[in-house]
There are 2 protein chains.
Amino acid sequence: MGMLPDKAVPDIVIGRLPIYLRALAHLEAEGQRIIASKDLAKRLGMSSAQIRKDLSHFGEFGKQGMGYDVTYLRDQLRTVLNIDRRWDVALVGAGDLGHAIAYYGGFEGRGFHISCVFDNNPQKIGRRLGRFEILDAIELPAKLRELDIRIAIVAVPANAAQAVVDDLVTGGVKAILNYAPITVTVPAGVHVQYIDPVVHLQRMSYYLE
Amino acid sequence: MGMLPDKAVPDIVIGRLPIYLRALAHLEAEGQRIIASKDLAKRLGMSSAQIRKDLSHFGEFGKQGMGYDVTYLRDQLRTVLNIDRRWDVALVGAGDLGHAIAYYGGFEGRGFHISCVFDNNPQKIGRRLGRFEILDAIELPAKLRELDIRIAIVAVPANAAQAVVDDLVTGGVKAILNYAPITVTVPAGVHVQYIDPVVHLQRMSYYLE
DNA sequence: GAGACTATGTGAGACCTTTCACAAGGCCGC
DNA sequence: GCGGCCTTGTGAAAGGTCTCACATAGTCTC
């Protein structure tokens with residue numbers, strides 16, 4: 001009945017697009033107008049064929065003999081990644097880590113905007129964290145629905161993370177960036193990405209000595 | 001002449017070991033003595049066969065009919081990952097991000113210990129950041145060799161990151177955790193892992209709407 | 001405007017990773 | 001100690017990803 005969907009693009013390809021996008025932003029800042037897959041590949045430490053094949057999932061963005069127009073390709077990738085708009089993001093956890101995230105200036109200009117901060121500590125609720133008033137985590141699901149928020153960042157201790165994630169899912173969140181050092185469970189259709197610096201360090205220490 | 005090396009274990013397998021280790025630490029804290037691959041897999045949202053095959057690269061750690069002894073497997077994974085010891089880590093960058101990292105309590109107890117902090121800002125050099133005196137980044141390579149440091153964390157702005165990484169490599173560092181939002185180039189044999197929260201968010205925003 | 005050069009987009013094949021499915025081995029109750 | 005039950009460790013097969021290499025199409029020089 002409906003048209004057949006394109007075969008889904010592999011997630012591993014999606015994962016590389018933000019890397020390409022980041023490199024293109026730097027190239028543009030450097031004033032470079034055109035970039036060949038070979039040169040981009042060199043910069044990123046990968047093969048040019050991989051870049052070309054990745055991009056080919058979404059269209060033909062290059063010019064044979066020339067390469068890619070930096071600005072055009074950047075705009076195309078933004079569209080593909082759904083960041084040709086600004087996403088509001090909820091931050092849960094107003095401790096040291098939440099503090100650092102709330103003050104981090106790198107979200108604006110790359111598609112994201114922290115719009116509210118939650119904590120469950122009565123000492124903190126109602127206080128300010130930078131430009132935010134800290135909201136009561138008990139209101140999490142209701143507030144998320146009210147603000148129509150789809151993305152959240154979790155910066156709470158490991159033992160609170162699963163409960164927070166459950167509340168986020170109840171509130172309609174579909175994408176979670178989890179700084180808590182624990183693997184959480186979510187229903188199908190909800191995406192989770194993890195940031196645990198120790199996991200990265202441990203992965204590299206395997207190769208040491 | 002020398003004995004043939006075992007076929008190298010795929011890096012993707014190495015990347016999962018810290019996840020297993022983290023889950024085992026939680027299981028142990030919960031008082032669980034034994035865990036079956038099936039139950040661990042459920043907790044981590046993966047297949048039990050993958051866990052068993054991953055572990056089989058390093059030995060036979062389980063008991064048929066029973067599962068794995070939590071403490072024993074945890075110790076074995078620590079040994080495999082070379083974290084049955086403590087690694088000293090250098091932190092470069094004493095800004096907001098460096099501050100948050102220096103104060104993060106999660107390194108101790110998981111194999112790592114921040115042992116020195118560098119910055120290139122004359123206003124900061126000589127001041128204190130928590131328990132650290134901030135050292136002059138100009139002395140990076142010499143100091144790293146003196147202290148025999150193999151692992152570093154980069155928390156400087158993107159435009160300074162490549163120069164810092166080059167200094168780290170000169171100083172003998174073999175593993176770099178890079179918080180700067182830029183892909184850096186390193187010689188073969190040096191490992192880099194990236195933490196850029198925006199990259200993670202962008203990857204998930206593809207699936208939204 | 002013709003020829004030399006360059007870089008894309010892409011099938012085909014090589015290579016890598018995951019899953020399947022089962023033999024082998026260990027526990028438990030009676 | 002025997003039968004039933006359970007889970008590991010692992011070849012083989014299936015599935016996924018990357019690289020190769022080239023036809024195609026565009027640029028640039030003269």
Side-chain angles (χ1 to χ4, degrees), chain A residues 5-20 23-24 27 32-77 80 183 188 203 206, chain B residues 5-20 23-24 27 32-77 80 183 188 203 206:
Chain A
D6 292 348
K7 184 112 128 301
V9 178
D11 182 62
I12 196 162
V13 172
I14 304 303
R16 283 189 292 260
L17 300 185
I19 307 297
Y20 301 157
L24 290 167
L27 285 168
Q32 183 127 20
R33 314 296 288 267
I34 298 283
I35 183 94
S37 63
K38 198 173 64 153
D39 298 327
L40 184 56
K42 190 166 187 190
R43 232 178 135 108
L44 297 178
M46 58 195 308
S47 85
S48 63
Q50 179 155 81
I51 292 176
R52 294 198 302 277
K53 188 139 256 187
D54 284 352
L55 297 178
S56 74
H57 284 100
F58 305 99
E60 307 195 353
F61 303 125
K63 290 206 191 85
Q64 282 171 331
M66 287 292 286
Y68 300 87
D69 181 288
V70 171
T71 303
Y72 176 72
L73 183 55
R74 183 204 61 182
D75 289 344
Q76 292 297 307
L77 287 182
V80 166
T183 304
R203 178 178 191 158
Y206 172 80
Chain B
D6 291 349
K7 185 111 126 302
V9 178
D11 181 63
I12 197 162
V13 172
I14 304 303
R16 283 190 292 260
L17 299 184
I19 307 298
Y20 301 157
L24 289 167
L27 284 167
Q32 183 126 21
R33 314 296 288 266
I34 298 283
I35 183 92
S37 62
K38 198 173 64 154
D39 298 326
L40 184 55
K42 189 167 188 190
R43 232 177 135 109
L44 297 179
M46 59 196 307
S47 85
S48 62
Q50 179 155 80
I51 292 176
R52 294 199 302 277
K53 188 140 257 189
D54 284 353
L55 297 179
S56 75
H57 285 99
F58 305 99
E60 308 196 352
F61 303 126
K63 292 208 192 81
Q64 282 170 330
M66 289 292 286
Y68 301 86
D69 181 288
V70 171
T71 303
Y72 175 71
L73 183 55
R74 184 204 61 183
D75 290 344
Q76 292 298 307
L77 287 181
V80 166
T183 304
R203 178 178 192 157
Y206 172 81

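Below, chains carry the letters A, B, ... as their sequence lines are ordered, and counting in each starts from 1.
Contact of B:Lys53 with D:dG11 (side chain to base): a donor-acceptor pair of N or O atoms is detected under 3.5 Å. The base of D:dT24 lies close enough to the side chain of A:Gln64 for a donor and an acceptor atom to sit less than 3.5 Å apart.
Comparing C:dG9, D:dT10, D:dT19 against the side chain of B:Arg52 picks out D:dT10 as the nearest. Distance from the side chain of A:Ile12 is smallest to D:dC18 among D:dC18, C:dA7, C:dG25. In this structure, of C:dT8, C:dG9, D:dT8, it is C:dG9 that holds the atom nearest to the side chain of A:Glu60.
Remark: P of C:dT6 and CD1 of A:Ile34 are 17 Å apart, rounded to the nearest angstrom. Put simply, CG on A:Asp69 is 13 Å from P on C:dT8, counting in whole angstrom units. Per the geometry, NE2 belonging to B:His57 stands 10 Å off P belonging to C:dT18, to the nearest Å. In this structure, A:Phe61 places its CZ atom 20 Å from P of C:dA7, rounding to the nearest Å. Here D:dG9 presents its P atom at 12 Å from CD of B:Gln76, a figure rounded to the nearest Å. Per the geometry, CG belonging to B:Asp54 stands 13 Å off C1' belonging to D:dG9, to the nearest Å. Across the protein-nucleic acid pair, A:Ile14 atom CD1 and D:dG16 atom C1' stand 15 Å apart, rounded to whole Å. Distance, B:Leu40 CG to D:dT8 C1': 14 Å, rounded to whole Å.
Contact between the side-chain N/O atoms of A:Ser37 and the OP1/OP2 oxygens of C:dT8 is found at a separation under 4.0 Å. The side chain of A:Ser47 places an N or O atom within less than 4.0 Å of a non-bridging phosphate oxygen (OP1 or OP2) of D:dT19. Regarding contacts with the backbone of D:dG26, every side-chain N or O of A:Tyr68 stays at 4.0 angstrom or more from both OP1 and OP2.
Projected onto DNA chain D by closest heavy-atom contact, A:Gln50 and A:Gly65 fall at different nucleotides, the more 5' of which corresponds to A:Gln50. Nearest-nucleotide assignment on DNA chain D puts the 5′-proximal partner with A:Asp11, out of A:Met66 and A:Asp11. Summary of the strand contacts: A:Gly59 and B:Ala49 both lie near DNA chain C, and taking for each the nucleotide with the nearest heavy atom, the more 5' one is attributed to A:Gly59.
The structure places CZ of B:Arg52 at 13.0 Å from CD of B:Glu60, a figure rounded to the nearest 0.5 Å. A:Met46 CE to A:Ser37 OG: the interatomic distance, rounded to the nearest 0.5 Å, is 10.5 Å. Going from atom OH of B:Tyr20 over to atom CG of B:Leu73 covers 10.5 Å, rounded to the nearest 0.5 Å. Taken to the nearest 0.5 Å, the CG atom of B:Leu24 stands 11.5 Å off from the CD1 atom of B:Ile19.
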(message) For a salt bridge (charged side-chain N to carboxylate O under 4.0 Å, His left out) check, start with the C-alpha distance between B:Asp69 and B:Lys63, then their side-chain angles and the critical distance, and finish with the verdict.
(response) CA-CA 8 Å; B:Asp69 181 288; B:Lys63 292 208 192 81; 5.6 Å; no
